[in-house]
Amino acid sequence: MSSATRYNAQETESKWQEVWASRRTFEACEDPDKPKYYVLEMFPYPSGRIHMGHVRNYTLGDVIARFKRAKGFSVLHPMGWDAFGLPAENAARDQKIHPAEWTYGNIANMRDELKAMGLSLDWSRELATCHPGYYEHQQKLILDMFEQGLIYRRESWVNWDPVDHTVLANEQVIDGRGWRSGALVEKRKLSQWFFRITAFADDLLEALGDLERWPPQVRTMQQNWIGRSEGLTMSFEICGREDTLEVYTTRHDTIFGASFMALSADHPLAGEVGDQDEGAAEFIAECHRMGTSEEAIETAEKKGYNTGLRVAHPFLEGKELPVYIANFVLMEYGTGAIFGCPAHDQRDLDFARKYELPVVPVVIPSGTDSASFSVEDEAYLETSDVVLGNSEFLDGLSVEAAKEEIANRLTSVGKGERTVNYRLRDWGASRQRYWGCPIPVIHCEACGIVPVPETDLPVELPDDVTFDKPGNPLDEHMAWRQVDCPNCGQPSLRETDTLDTFVDSSWYFARFCSPRAEIPVDRTAIDYWMPVDQYIGGIEHAILHLLYSRFFMRAMKQCSHLGFDEPFAGLFTQGMVCHETYRDGEGNWLYPEEVSQGSDGKSVHVESGLPVVVGRSESMSKSKKNVVDPSSIIGRFGADTARWFMLSDSPPERDLEWTDSGVSGAWRFVQRMWRLVDELKDLAGPVDAVVQDGSVGSAGELRRATHQTIAAVEEDIEAFRFNKAVARIYEYVNTLGGWSPGQAGDLSSADAAALREALDTLVQLVGPMMPHLGEELWQVLGHETLLADTPWPAFEAELIEDESVTIGIQVSGKLRGTIELARDTEEEAVREAALAHDNVRKSIGDRAVRKVIVVPNRIVNVVL
RNA sequence: GCGGGCGUGGCGAAAUGGUAGACGCAACGGACUUAAAAUCCGUUGGGCGUAAGCCCGUGCUGGUUCGAGUCCAGCCGCCCGCACCA
């Protein structure tokens with residue numbers, strides 16, 4: 001290697017990728033002599049190309065996987081494909097290509113792209129959820145769960161496009177209209193399959209407390225999502241009728257402030273009113289045009305319809321409350337009916353102002369006169385330092401005491417029941433679509449719902465389908481649908497709903513432990529590998545995917561497939577990859593490569609030379625064209641450069657700004673590493689050089705830097721602070737570049753050995769981040785082993801602390817100077833040195849020193 | 001609307017309640033070169049000052065503390081999720 005040679009990333013990277021593959025370096029095995037470590041990144045949807053979000057995700061995981069490997073763990077690091085889902089059907093419709101062909105083509109391409117990244121993946125375990133070899137086991141799990149009562153069927157609402165005659169996903173509903181037809185979307189009731197996730201609500205909530213290596217905010221989000229509340233179910237007598245209206249509330253203390261009742265449009269009583277009252281029917285229909293998402297409901301203008309019905313206030317003789325149907329009450333939560341207390345709930349207040357209903361404050365700040373306290377445009381939400389008022393026998397009580405009193409009084413007369421309620425709803429898993437896992441049941445007129453016998457699994461999707469008609473092609477495929485009932489033998493029909501793709505992703509990590517087993521999971525393998533030690537993915541999955549997976553493990557445990565509850569011991573949520581956005585004069589989005597810097601530094605369109613409007617940086621998305629293709633970056637600079645850039649600068653949990661200059665900085669560092677090792681390798685001692693003890697002189701100085709860097713990088717990797725690990729490596733390279741040994745020419749044996757240790761260490765530290773460069777330099781340094789098989793260097797504790805410290809001196813909190821002292825200098829000596837400092841004396845002047853605060857090895861503050 | 005987060009130089013950022021801006025990028029000055037690229041050296045939060053040094057500065061307004069980017073309260077802006085996108 002001559003010093004004129006530049007590092008050839010493309011050649012070197014494919015060389016080492018072939019070596020790792022042929023030696024099966026990263027194939028996992030259940031080694032009983034080693035601790036195991038299961039690293040998993042969220043598997044990708046095979047959209048066709050990898051994007052920068054994938055590059056970031058898999059780089060983070062690969063650093064951990066390679067680092068843990070070097071630390072002596074038996075590592076499992078697999079990869080697969082979340083391969084069912086809507087886009088394949090859209091492609092089928094738009095491009096006349098079969099979903100399977102489209103999906104497997106995309107997988108083939110993305111596999112190549114991922115392989116070019118040099119990830120330490122065990123490709124022998126690859127799986128795709130759309131493959132019958134995967135979903136037949138999922139069908140087995142579904143049968144078992146059905147038997148256990150964990151899956152059931154009931155009616156629920158879907159978004160219905162009345163023109164296309166098809167069910168729409170929430171994202172396909174835009175401003176209340178179907179995305180293709182433009183027709184106003186209706187809600188429609190269908191019989192659908194549900195997972196009984198609410199059966200585990202308490203356990204899913206309780207167990208969050210033990211997930212110590214999860215981000216606290218994710219645990220909080222899940223906790224709020226499950227939304228356990230302790231409240232009261234109250235019965236209100238409906239005036240002039242025999243029946244009652246049931247209401248769930250957590251604010252029964254505010255009952256004397258109640259001024260109306262509100263029913264969900266789907267409440268049976270609302271339906272009853274609608275049957276006789278055209279206005280009510282029209283209002284209910286309007287509610288049904290709102291779409292099914294909670295967001296749509298919550299952000300819509302609050303509206304109601306007065307049914308004319310009234311209920312009796314439970315404590316105020318003769319007081320009656322009007323009953324409205326309201327568009328903001330959810331049938332799925334509580335009893336689908338509420339009492340409205342406008343003074344202490346913003347939504348109720350807005351509603352009351354609109355329909356001119358009374359607003360009576362019943363919770364008032366302590367020490368305030370209840371007659372003078374009023375609520376105007378903002379509901380009063382405080383519950384501490386308050387007392388009840390305008391509330392008869394509750395007056396003067398705290399919120400808690402008032403709740404107790406109301407609950408006691410109502411339960412004793414059978415008009416109330418203390419109830420624990422959850423916001424969490426059962427998981428609706430039916431999809432009226434082709435490209436998903438078939439639900440293995442048969443509908444028989446005589447026997448009802450009959451599970452497909454296990455021996456008949458898998459129920460495979462038929463290949464011969466077309467997408468020219470709207471709706472689910474399975475409904476039209478009579479040859480596939482018609483089967484004899486396994487029970488009575490009569491002609492019957494298959495279920496045509498397929499499963500939500502969240503089901504596929506709720507257990508794939510378990511399947512990775514034994515991907516070719518003839519049962520869903522092999523107990524020996526799963527007991528060895530699970531749980532996943534480090535799971536890595538986007539924050540957007542903080543609730544649903546993770547909660548469903550946690551449920552699935554519990555359900556599989558109940559079906560005796562495995563013996564644990566929690567799938568992910570450690571979780572890391574990464575930020576997004578962002579890029580500036582560009583638009584031309586007409587507002588059309590432009591790709592980054594269509595934009596260049598003009599001579600005056602302003603951005604112009606490459607072809608036309610016209611000015612370009614540079615927008616703020618946003619998450620990379622195809623629709624805004626602010627995307628950079630990973631393959632072109634890897635093709636130009638190599639995977640190591642892309643990986644290094646991903647790890648530098650931005651902390652991984654935060655959004656990362658993709659910049660060309662950042663990439664070229666990473667590229668320059670690759671070259672710098674290469675040159676540095678090239679220049680110094682002949683000065684370094686032999687591979688087996690023995691470092692000499694002691695921390696003095698040029699060798700000692702270098703060894704100190706080496707061991708400090710090992711300790712820092714190791715700690716930063718363990719804590720997912722890769723940007724800091726990178727910064728430490730930069731500092732170390734700066735140190736190495738500027739290091740002057742004790743003698744020029746032939747180094748002393750101490751210097752040569754220290755340099756050998758330093759170069760080896762540098763390459764080892766960089767290895768998990770830039771594995772190809774690491775492997776190449778390892779070879780250049782004369783090693784005959786693979787870096788990938790080399791243990792992580794151990795640091796020597798006595799070398800990592802500096803002997804002297806710099807101590808800042810403040811006068812009244814303002815820095816006035818620094819002093820250099822031996823570490824752990826006596827407090828009195830520090831104090832004297834601080835007070836002797838020229839500028840400090842000047843700042844103090846002739847004022848009296850009241851106090852001197854000395855923080856050892858840190859700072860001195862002179863208080864005047 | 002509800003729930004969760006984030007906000008520090010020109011930019012990405014660092015900082016167990018203890019010297020704000022490590023490290024990188026960009027920019028500027030210099031060396032090398034016929035020239036460019038590459039590389040190397042230096043400067044770089046703002047203001048004042050020849051200098052020593054001083055003043056200001058972590059989204060905004062307050063509070064706690066000897067000391068606040070960090071803790072507390074309220075606001076502003078942006079991002080993620082809201083159950084059929086994955």
Side-chain angles (χ1 to χ4, degrees), chain A residues 6 42 44-45 47 82 84-87 158-159 167-173 192 197 215-218 220-225 227 292-300 302 328 332 346-347 350 423-433 500-502 505 538-545 547-548 573 575-576 578 616-619 648-651 653-657 659-666 668-669 671-672 675 721 723-724 726-731 734 737 806-810 812-818 838-839 842 850-853 855 858-864:
Chain A
R6 294 193 98 201
M42 291 180 185
Y45 179 79
S47 55
D82 188 12
F84 275 136
L86 268 183
V158 294
N159 298 308
V167 176
L168 298 177
N170 282 337
E171 72 155 11
Q172 297 174 324
V173 180
Q192 308 216 68
I197 189 172
Q217 70 272 23
V218 174
T220 305
M221 281 191 257
Q222 292 217 353
Q223 183 183 324
N224 293 338
W225 186 263
T292 58
S293 85
E294 191 174 313
E295 187 188 2
I297 292 163
E298 292 279 338
T299 51
K302 309 295 177 276
F328 59 86
E332 289 89 353
Q346 191 61 44
R347 217 167 36 179
D350 296 342
R423 207 186 74 96
L424 180 68
R425 312 197 289 258
D426 276 339
W427 170 13
S430 275
R431 297 293 180 268
Q432 293 70 40
R433 298 185 211 292
D500 179 4
T501 56
F502 271 128
S505 57
I539 185 72
E540 67 273 18
H541 293 293
I543 297 177
L544 292 179
H545 163 58
L547 192 62
Y548 291 154
T573 54
M576 293 176 305
C578 299
R616 64 188 185 83
S617 179
E618 296 184 58
S619 173
S648 313
D649 296 355
S650 294
E653 68 279 8
R654 231 187 272 184
D655 286 353
L656 176 145
E657 169 78 12
T659 59
D660 289 345
S661 55
V663 177
S664 47
R668 275 201 302 272
F669 182 69
Q671 297 296 345
R672 189 173 171 202
R675 273 197 318 273
R721 291 188 295 242
N723 56 320
K724 286 184 66 187
V726 164
R728 292 307 301 246
I729 290 171
Y730 273 121
E731 281 183 76
N734 290 341
T806 308
I807 293 174
I809 312 165
Q810 295 178 334
S812 293
K814 278 181 187 292
L815 186 75
R816 293 298 178 215
T818 58
D838 276 352
N839 200 45
K842 204 175 104 193
R850 283 203 296 161
K851 181 156 70 157
V852 178
I853 291 162
V855 181
R858 284 266 174 196
I859 205 163
V860 176
N861 192 6
V862 180
V863 185
L864 300 180

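Protein chains get the first letters and strands the later ones, always in sequence-line order, with residue 1 at the start of each.
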- Message: Regarding Pro44(A), tell me which of base, sugar-phosphate or nothing describes its non-hydrogen contacts under 4.0 Å with the strands shown.
- Response: nothing
- Message: Going by ring-ring contact (aromatic ring centres under 6.0 Å, His included), name the residues that satisfy it together with Phe328(A), two or more places apart in sequence or in a different chain.
- Response: Phe351(A)
- Message: Tell me the interatomic distance from His545(A), atom NE2, to C85(B), atom P, rounded to whole angstroms.
- Response: 15 Å
- Message: How would you summarise protein contacts on nucleotides 2-8 of chain B per nucleotide, using B for base, S for sugar-phosphate only and - for none, with heavy-atom distances below 4.0 Å?
- Response: -SSS-S-
- Listed partners of Tyr45(A) passing ring-ring contact (aromatic ring centres under 6.0 Å, His included), at least two apart: none
Pick out the pairs of N or O atoms, protein on one side and nucleotides 62-65 of chain B on the other, that lie under 3.5 Å.
none

- Message: Say we look at C66(B) and G1(B): how far apart would their C1' atoms be, to the nearest angstrom?
- Response: 45 Å
- A83(B) phosphate, OP1 or OP2: any side-chain N/O from Arg425(A) under 4.0 angstrom? no
- side-chain contact (heavy atoms from CB on, under 4.5 Å) filter on Glu298(A), not counting sequence neighbours, yields Glu294(A), Arg347(A)
- Message: For the C1' atoms, the ones on C28(B) and on A22(B), what distance do you get once it is rounded to whole angstrom?
- Response: 22 Å
- Query: What residues, two or more places apart in sequence or in another chain, satisfy side-chain hydrogen bond (donor to acceptor under 3.5 Å, both in side chains) together with Asn159(A)?
  - Reply: Asn170(A), Thr292(A)
- Message: I'd like the P distance from G18(B) over to A68(B), given in whole Å.
- Response: 11 Å
- Item | A15(B) and G29(B), which share atom name C1', separated by this distance in whole Å | 30 Å
- Whole-Å C1' distance, C56(B) and G49(B): 15 Å
- C1' atoms of A20(B) and G46(B), separation to the nearest Å: 14 Å
- Query: NA contact type, Gly227(A), heavy-atom cut-off 4.0 Å: base, sugar-phosphate, or nothing?
  - Reply: nothing
- Separation of Leu656(A) CG from Ser619(A) OG (nearest 0.5 Å): 11.0 Å
- Give one of base, sugar-phosphate or nothing for Ile853(A), where a contact means two heavy atoms less than 4.0 Å apart. base
- Note on the structure: Each nucleotide of nucleotides 19-30 of chain B classed B (base within 4.0 Å of a protein heavy atom), S (only sugar-phosphate) or -, in 5' to 3' order, makes B--BSSSS----
- Distance between the P atoms of C11(B) and G47(B), in whole angstroms? 15 Å
- Using both pair distances under 3.5 Å as the test, note the stems of at least 3 consecutive Watson-Crick or G-U pairs that include RNA chain B. B:1-7 with B:76-82, B:10-12 with B:23-25, B:27-31 with B:39-43, B:45-48 with B:53-56, B:59-63 with B:71-75
- Query: Looking for any heavy atom pair under 4.0 Å, which part of the strands does Ser812(A) touch: base, sugar-phosphate only, or nothing?
  - Reply: nothing
- Task: Assess whether one donor atom and one acceptor atom, taken from the side chain of Arg850(A) and the base of C66(B), lie less than 3.5 Å apart.
- Result: no
- Query: In chain order, what residues pass the ring-ring contact (aromatic ring centres under 6.0 Å, His included) check against His541(A), with sequence neighbours excluded?
  - Reply: His545(A)
- Task: State which residues pass ring-ring contact (aromatic ring centres under 6.0 Å, His included) with Trp225(A); sequence neighbours excluded, sorted by chain then number.
- Result: none
- Task: Take atom C1' in G81(B) and the same atom in A13(B), then report the distance between them in whole Å.
- Result: 27 Å
Distances for protein N or O near nucleotides 45-53 of chain B N or O, under 3.5 Å:
none

- Message: Return the CD1 to CG distance between Ile853(A) and Asn861(A), rounded to the nearest 0.5 Å.
- Response: 5.5 Å
- Test side-chain hydrogen bond (donor to acceptor under 3.5 Å, both in side chains) applied to Ser293(A) - qualifying residues, sequence neighbours left out: none
